[in-house]
Amino acid sequence: TGHLPRMTTAPADSAGTLAPAYGDKVIAVEAAGSEPIPESERHGGPLQLLWTWASPNIEFATVFIGVIAVLFFGLSFWQATAAIVLGTALGAITQGVLSLDGPRFGVPQMVIGRLSFGHRGNILPAAANGLVAGVGWFAVNSVSAAFALNTLTGLRPLPSLLLVVAAEILIGFIGHNFVHVFEKYAFPALAVIFLLAGVWTFKDADLGGGGTGGGIGGFLLAFSAAWGYAAGWNPYASDYSRYLPRTANRARTVLYPALGLFLSVTVVAVIGAASATIVAPKDATPTAAFTGHLPGWLGDLVLIAIILGAVSATALNVYSGAISLASFGLNLPAWLSRSVLVVVSGVAGTAAAWASLSDAGAAYEAFLLVIAYWVAPWLGVVLVERWLRRDVPQERSAALLTDRTFTNLPGLAALLIGVAVSVPLFSNQEDYVGYVPEHWPSFGDITPVVGFAVSAVLYAALRRRSPVE
């Protein structure tokens, strides 16, 4: 064909270009899985990444980051805000950087991981992401939506859950373009409702409260939770930028996902921190505690937004969970396509959600921190590999993505050692307290920071000693 399609949402059907089979069709089931997107199918522009990464975070799970910073970690409102801004900013910057690899290689994030871990070694992080995204996050967000629907309509929690997951699985099943369009139209509704709720919340909040002495340990816990939440999206980054043309503006491809993620998480989590300074009834559910001080009409709107936001997030989770499974590179039967994997993943996530309906709050706090335990070491290796490969011709790197014999043992070793060092020594969970926080509680939970640093430094050292190519 000789030339690249322009950055447009229209399919390339002019003379001399290949008419795409999927292109920018919205109501069409996406056929692509983990293979590179051909030039003829590339479309869209970086701006779509703004709302695709904003809408999924304008939801109750994000509110909860601010709530736990004040109620569980003992911070004042302003301390919580500082921890949220810092942690979210770090996770948002790397989201933007990793989004660049979508237009560059045309493959999902977990396939790009083969450069860091080798073809077979990459199955481990891809499986972890499939489990965390398609089952863990799917369950967490679906439960918050089910409780909101239950509060709004009086429908029992289980039927509420089943209605919510049916919508989430359908969006993920249809695929990439439908996901982007859904996030685009959800964005203004979610933004307006949550900003209104924020105005009311700040009106009643006690922003000058001194916290309950969370100290530096509480700050580090809140920072880790915010970073883990924002960086938890990093393993999906190029899944939603891989259809962009190679000619897409690089600065905007970094800026828009980073901005969408940073603004949405920061604003909503800070509203959550403010809401936690308002005294709620003792036995209120997390959702009722957040909406209790709002006027009835706005409380109902917020419940609708909680449902819409959870569906926005979970559609991405189940889509990327299935893409991660497809990234294993196994010779799967033809019927086990990306769309079928969405259904498989969604059914497993529904089972996990059903099991956690009874104690959602505690399950969420633990899950939120544990996510960063594996994402941070993974990110450390991936970013170092990206830096070391900056001068390697793209064709050579792209060829390795499909080379089944390619191995990168230093990457896998650095990932596993980063987890093995950071979790036993530094984790601070209800069920397990590591050696460092047990003896020095002021450390809080810096597991993700240690995991990231250990894996990055170790991989840089190993990679220089035994270059992969």
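Quantities reported herein were computed from a predicted structural model and do not represent experimental measurements.
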*Asks:* Write out all pairs satisfying salt bridge (charged side-chain N to carboxylate O under 4.0 Å, His left out) with one or both partners inside residues 220-243, taking only residues at least two apart or from two chains.
*Replies:*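 Residue pairs passing salt bridge (charged side-chain N to carboxylate O under 4.0 Å, His left out), neighbours aside: Glu30-Arg242.
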
*Asks:* Would you say that Phe105 contacts Leu401 through its side chain, given a criterion of any heavy-atom pair below 4.5 Å between the two side chains?
*Replies:*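 With C-beta onward as the side chain, the pair touches.
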
*Asks:* I'd like to check the side-chain hydrogen bond (donor to acceptor under 3.5 Å, both in side chains) partners of Ser455; sequence neighbours left out, ordered by chain and number.
*Replies:*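 For Ser455 there are no side-chain hydrogen bond (donor to acceptor under 3.5 Å, both in side chains) partners, ignoring immediate neighbours.
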
*Asks:* Are any side-chain N or O atoms of Asn408 and backbone N or O atoms of Leu115, one a donor and one an acceptor, separated by less than 3.5 Å?
*Replies:*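 Flag set: sc Asn408 to bb Leu115 pair under 3.5 Å.
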
*Asks:* Specify the closest pair of heavy atoms between Ala83 and Ala222, including all atoms of both residues, with the distance to one decimal.
*Replies:*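 That would be CB-CB, 3.7 Å.
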
*Asks:* Got a sec, which residues hit side-chain hydrogen bond (donor to acceptor under 3.5 Å, both in side chains) with Ser238, two or more places apart in sequence or on another chain?
*Replies:*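 Expected list: Gln109.
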
*Asks:* Which atom pair, heavy atoms only, marks the closest approach of Thr291 to Gly299?
*Replies:*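 Smallest heavy-atom distance, with atoms named: CG2-O, 4.2 Å.
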
*Asks:* Side-chain contact, heavy-atom cut-off 4.5 Å: Leu50 with Pro257?
*Replies:*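 They are not in side-chain contact.
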
*Asks:* Among residues two or more places apart or on two chains, list those pairs meeting ring pair (Phe, Tyr, Trp, His ring centres under 6.0 Å) that have a residue in residues 150-174.
*Replies:*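 Not a single pair qualifies under ring pair (Phe, Tyr, Trp, His ring centres under 6.0 Å).
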
*Asks:* Side-chain contact test, heavy atoms from C-beta onward, threshold under 4.5 Å: evaluate it for Phe290 versus Ile271 and give yes or no.
*Replies:*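 Of all side-chain heavy-atom pairs linking Ile271 with Phe290, at least one is under 4.5 Å.
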
*Asks:* Quick check: does any side chain N or O of Ser34 sit under 3.5 Å from a backbone N or O of Ala326, one acting as donor and the other as acceptor?
*Replies:*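 At least one qualifying donor-acceptor pair exists.
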
*Asks:* Say you draw a straight line from CG of Leu308 to CZ of Phe194; how long is it, rounded to the nearest 0.5 Å?
*Replies:*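 So the CG of Leu308 and the CZ of Phe194 are separated by 9.5 Å.
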
*Asks:* For residues 160-189, pull every pair meeting salt bridge (charged side-chain N to carboxylate O under 4.0 Å, His left out), keeping only residues two or more places apart or in separate chains.
*Replies:*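 Non-adjacent pairs meeting salt bridge (charged side-chain N to carboxylate O under 4.0 Å, His left out): zero.
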
*Asks:* Looking at Ser275 and Gly272, would you say the former's side chain and the latter's main chain have a donor-acceptor pair under 3.5 Å?
*Replies:*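 A pair under 3.5 Å: yes.
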
*Asks:* Give the C-alpha distance, both sets of side-chain angles, the deciding distance and a yes or no for side-chain contact (heavy atoms from CB on, under 4.5 Å) between Ile58 and Phe187.
*Replies:* CA-CA 8 Å; Ile58 308 176; Phe187 177 62; 4.0 Å; yes

*Asks:* Determine, stepwise, if the pair Leu149 / Ile306 fulfils side-chain contact (heavy atoms from CB on, under 4.5 Å).
*Replies:* CA-CA 9 Å; Leu149 187 58; Ile306 286 171; over 6 Å; no

*Asks:* Just do the side-chain contact (heavy atoms from CB on, under 4.5 Å) check on Trp354 and Val143 with the steps written out, would you?
*Replies:* CA-CA 8 Å; Trp354 191 343; Val143 166; over 6 Å; no

*Asks:* Would a distance-only check, ignoring hydrogens and angles, find a side-chain to backbone donor-acceptor pair under 3.5 Å from Ser144 to Ala61?
*Replies:*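 Between the backbone of Ala61 and the side chain of Ser144 there is no qualifying donor-acceptor contact (under 3.5 Å).
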
*Asks:* Between Asp403 and Arg114, does a salt bridge (charged side-chain N to carboxylate O under 4.0 Å, His left out) hold up when you go through it step by step?
*Replies:* CA-CA 9 Å; Asp403 181 357; Arg114 291 173 186 169; over 6 Å; no

*Asks:* Pair Thr253, Arg250 - check side-chain contact (heavy atoms from CB on, under 4.5 Å), show working.
*Replies:* CA-CA 5 Å; Thr253 305; Arg250 287 174 59 84; 5.5 Å; no

*Asks:* Identify the two heavy atoms, one from Ala225 and one from Ile68, that lie closest to each other, and give their separation to 0.1 Å.
*Replies:*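 Scanning both residues completely, I find the closest heavy atoms to be CB-CD1, 4.4 Å.
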
*Asks:* Looking at Ser320, Ser327, Ser324, which hits side-chain hydrogen bond (donor to acceptor under 3.5 Å, both in side chains) with Asn129?
*Replies:*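 Among Ser320, Ser327, Ser324, the one meeting side-chain hydrogen bond (donor to acceptor under 3.5 Å, both in side chains) with Asn129 is Ser324.
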
*Asks:* Who pairs with Trp53 by side-chain hydrogen bond (donor to acceptor under 3.5 Å, both in side chains), at least two apart in sequence or on another chain?
*Replies:*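 Partners of Trp53 under the side-chain hydrogen bond (donor to acceptor under 3.5 Å, both in side chains) test: none.
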
*Asks:* What is the distance from atom OG1 of Thr94 to atom CZ of Arg386, rounded to the nearest 0.5 Å?
*Replies:*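 Here the rounded value is 11.0 Å.
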
*Asks:* Could you tell me whether the side chain of Phe328 reaches within less than 4.5 Å of the side chain of Ile123, counting heavy atoms only?
*Replies:*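 Ile123 vs Phe328: side chains touch.
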
*Asks:* According to side-chain contact (heavy atoms from CB on, under 4.5 Å), who are the partners of Val423, at least two apart in sequence or on a separate chain?
*Replies:*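 For Val423 the side-chain contact (heavy atoms from CB on, under 4.5 Å) partners, ignoring immediate neighbours, are Tyr373, Val419, Ser427, Thr447.
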
*Asks:* For Thr350, give me all partners under side-chain hydrogen bond (donor to acceptor under 3.5 Å, both in side chains), at least two apart in sequence or on another chain.
*Replies:*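 Scan of Thr350 (side-chain hydrogen bond (donor to acceptor under 3.5 Å, both in side chains), adjacent residues dropped) gives none.
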
*Asks:* Hydrogens and angles aside, do Tyr256 and Asn249 bring a side-chain donor and acceptor to less than 3.5 Å of each other?
*Replies:*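 Side-chain D/A pair, Tyr256 to Asn249: absent.
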
*Asks:* Mind listing the closest non-hydrogen atom pair of Ile307 and Ala148 along with its distance?
*Replies:*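 Heavy atoms of Ile307 and Ala148 come nearest at CG1-CB, 3.7 Å.
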
*Asks:* For residues 159-166, dump all side-chain donor-acceptor pairs below 3.5 Å to protein atoms at least two apart in sequence or in another chain.
*Replies:*
{"unit_1": "Ser160", "atom_1": "OG", "unit_2": "Leu155", "atom_2": "O", "d": "3.2"}
{"unit_1": "Ser160", "atom_1": "OG", "unit_2": "Arg156", "atom_2": "O", "d": "2.9"}

*Asks:* Going by the side-chain contact (heavy atoms from CB on, under 4.5 Å) test, name the single residue among Val382, Leu388, Val381 that passes it with Val384.
*Replies:*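 Only one of Val382, Leu388, Val381 forms a side-chain contact (heavy atoms from CB on, under 4.5 Å) with Val384, namely Leu388.
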
*Asks:* Any chance you could measure Ile417, atom CD1, to Tyr459, atom OH, to the nearest 0.5 Å?
*Replies:*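 With rounding to 0.5 Å, CD1 (Ile417) is 13.0 Å from OH (Tyr459).
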
*Asks:* Indicate whether any N or O donor in one side chain lies under 3.5 Å from an N or O acceptor in the other, for Trp233 and Asn57.
*Replies:*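 Asn57 and Trp233 do have a side-chain donor-acceptor pair below 3.5 Å.
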
*Asks:* What residues, two or more places apart in sequence or in another chain, satisfy side-chain contact (heavy atoms from CB on, under 4.5 Å) together with Val318?
*Replies:*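 Checked Val318 against side-chain contact (heavy atoms from CB on, under 4.5 Å); matches are Phe138, Val342, Ser345.
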
*Asks:* Determine whether a donor-acceptor pair (N or O, by modelled atom type, separation under 3.5 Å) exists between the side chain of Asn234 and the backbone of Gly91.
*Replies:*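 Such a contact is found between Asn234 side chain and Gly91 backbone.
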
*Asks:* Which residues satisfy the ring pair (Phe, Tyr, Trp, His ring centres under 6.0 Å) test with Phe262, sequence neighbours excluded?
*Replies:*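 Ring pair (Phe, Tyr, Trp, His ring centres under 6.0 Å) check on Phe262 returns nothing, list empty.
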
*Asks:* Does a side-chain heavy-atom distance below 4.5 Å link Glu385 with Phe117?
*Replies:*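 Answer no - side chains too far apart.
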
*Asks:* Can you classify the ring geometry of His176 versus His180 as parallel (below 30°), tilted (30 to 60°) or perpendicular (above 60°)?
*Replies:*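 Ring orientation, 0 to 90° scale: perpendicular.
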
*Asks:* Is it the case that the side chains of Asn177 and His43 hold a donor-acceptor pair, with the cut-off being a distance below 3.5 Å and no angle test?
*Replies:*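 Present: a donor and an acceptor within the cut-off.
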
*Asks:* What is the distance from atom OH of Tyr236 to atom OG of Ser241, rounded to the nearest 0.5 Å?
*Replies:*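 Here the interatomic distance stands at 15.0 Å.
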
*Asks:* Is there side-chain contact between Asn141 and Val311, with heavy atoms separated by less than 4.5 Å?
*Replies:*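 No, their side chains stay 4.5 Å or more apart.
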
*Asks:* Does Tyr22 have its ring centroid less than 6.0 Å away from the ring centroid of Tyr243?
*Replies:*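 Judged by ring-centre distance (under 6.0 Å), Tyr22 and Tyr243 do meet the cut-off.
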
*Asks:* In chain order, what residues pass the ring pair (Phe, Tyr, Trp, His ring centres under 6.0 Å) check against Tyr319, with sequence neighbours excluded?
*Replies:*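 For Tyr319 the ring pair (Phe, Tyr, Trp, His ring centres under 6.0 Å) partners, ignoring immediate neighbours, are Tyr240.
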
*Asks:* Any heavy-atom pair between the side chains of Phe182 and Val179 that's under 4.5 Å?
*Replies:*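 With C-beta onward as the side chain, the pair stays apart.
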
*Asks:* How close do Ile84 and Thr266 get, counting heavy atoms only, and between which atoms?
*Replies:*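 Here Ile84 and Thr266 meet closest at CG2-CA, 4.1 Å.
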
*Asks:* Taking atom OG1 of Thr407 and atom CG of Leu409, what is their separation to the nearest 0.5 Å?
*Replies:*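 With rounding to 0.5 Å, OG1 (Thr407) is 5.0 Å from CG (Leu409).
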
*Asks:* Do you know the tightest heavy-atom contact between Gly113 and Asn122?
*Replies:*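 Answer, listing the atom of Gly113 first, then Asn122: C-OD1, 3.3 Å.
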
*Asks:* Could you go through Tyr229 and Trp137, starting from their C-alpha distance and side-chain angles, then the distance that decides it, and tell me whether this counts as ring-ring contact (aromatic ring centres under 6.0 Å, His included)?
*Replies:* CA-CA 11 Å; Tyr229 187 81; Trp137 271 121; 5.5 Å; yes

*Asks:* Between Leu124 and Leu416, is any pair of side-chain heavy atoms under 4.5 Å apart?
*Replies:*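 A side-chain contact under 4.5 Å exists here.
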
